[in-house]
Amino acid sequence: MNTSGAYVAGIEAGGTKFVCAVGSGPDDIRAETRFPTTRPEETIGQALAFFREQVERYGPPAAIGIAAFGPLDPNPVSPTFGTITSTPKPGWRDADLAGPLRAAFGAPVAFDTDVNGAALGEWRWGAAQGLDNFVYLTIGTGVGGGGMVNGRLMHGLVHPEMGHIPLPHDRVADPYPGRCPFHGDCLEGMAAGPAVGERWGRPAYELPPDHPAWDLEAHYLALALQGLICTLSPERIILGGGVMEQPQLMPMVRQKVQSYLNGYVQSPAILERIDSYIVPPALGNRAGVLGAFALAHQAI
Ligand code: ADP
Ligand code: ZN
């Protein structure tokens, strides 16, 4: 392990926990800590304390990357850059994450969504190496997506909200109304882990592999991917998050994507090589913190 030389600091700022680490990449994670997400002052204070210890050992970081839950402001020229914006999470509305880190360590701070961070980590070290156009979608407590178009992370007006795209909903076949507080039966409202659990009356991870839940889940995910493929023309789609831990789900999604596209998108990647077109993340459970490292590297 390389424990000398320049390093970056990374924060995976999640709605339930923060993971902070220093290092330079997958083979050089020098220190790591995690703690629950409570109030902003307390949680950011814990992050600052951890990084101060690392500065004593390794000197100042070359840059700091923060991959955070949102909605957030990732626009570096905006007055509210580096803040969480309209979250329903108590106390976190307008919370400034980038400001206190920059003030404490004087290093450049990169700030983006957790999914854009994970996407950039996969691009640098994982399943999206060499690609200029790809999507990273996570299906967990929520559904979120990011990725690259033309070699740049997707931003735009604010940042993509792929979890909240509308889906066709046959209320006879599936009367479950969805649980998104904003839209009801959007993708996240219908297909995130808690929606699966609520629809079937037991936690998603307890449903057996042959339960009808998984065919329905694959149906909604494939509809969403059909929309993303037709809109963004990604060269690959990475599907992560706790729900994708179900090993039978990935092949079902691939098959339904092919079926729903119905031969229209004329690419061998979809028609012949779907197994390497829709793939799991390569960085596994380190994707979050390595994503934050990747954001930091980009800021140097
Ligand atoms: P988060 O989205 O909070 O970062 P995860 O990606 O781990 O966390 O997603 C958590 C969600 O994934 C929960 O709703 C949980 O029910 C679901 N989940 C976790 N493991 C499994 C599993 N093996 N099978 C199906 N669902 C799972
Ligand atoms: Zn929604």
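Atoms within each ligand, like the ligands themselves, are counted from 1 in listed order.
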Chemist: Taking Ile237 as the starting point, is it possible to reach Leu249 by hopping between hydrophobic residues whose side chains are less than 4.5 Å apart?
Modeler: yes

Chemist: Do Val257 and Leu137 share a hydrophobic cluster, counting only Ile, Leu, Val, Met, Phe, Trp and Tyr and linking them when any side-chain heavy atoms are less than 4.5 Å apart?
Modeler: yes

Chemist: Considering the options Met250, Gln258, Arg236, which one meets the side-chain contact (heavy atoms from CB on, under 4.5 Å) requirement together with Ile278?
Modeler: Met250

Chemist: Measure the spacing between CG of Leu72 and OG1 of Thr80 and express it to the nearest 0.5 Å.
Modeler: 10.0 Å

Chemist: Would a hydrophobic clustering, with Ile, Leu, Val, Met, Phe, Trp and Tyr connected at side-chain separations under 4.5 Å, put Val243 with Leu223?
Modeler: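 In one cluster with Val243: Leu223, yes.
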
Chemist: Which N, O or S atoms belonging to the protein are less than 2.8 Å from the Zn ion (ligand 2)?
Modeler: His164 ND1, Cys180 SG, His183 ND1, Cys186 SG

Chemist: Tell me whether the count of non-hydrogen atoms from other residues, nucleotides or ligands lying under 6.0 Å of NZ in Lys17 goes above 12.
Modeler: no

Chemist: With sequence neighbours left out, what residues match Pro26 under side chain to side chain contact (heavy atoms under 4.5 Å, CB included)?
Modeler: Trp125, Arg286, Leu290

Chemist: With ring-ring contact (aromatic ring centres under 6.0 Å, His included) as the rule and sequence neighbours excluded, what pairs involving residues 213-265 come up?
Modeler: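 Checked against ring-ring contact (aromatic ring centres under 6.0 Å, His included) - neighbours excluded - the pairs reaching residues 213-265 are His219-Tyr260.
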
Chemist: So which protein residues pack against ligand 1 under 4.0 Å, heavy atoms counted?
Modeler: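 Near ligand 1, by chain and number: Gly140, Thr141, Gly193, Pro194, Ala204, Tyr205, Trp214, Gly241, Gly242, Val243, Glu245, Gln246.
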
Chemist: Heavy-atom distance under 4.5 Å between the side chains of Trp123 and Met148, does that happen here?
Modeler: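 Result yes, sub-4.5 Å side-chain heavy-atom pair found.
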
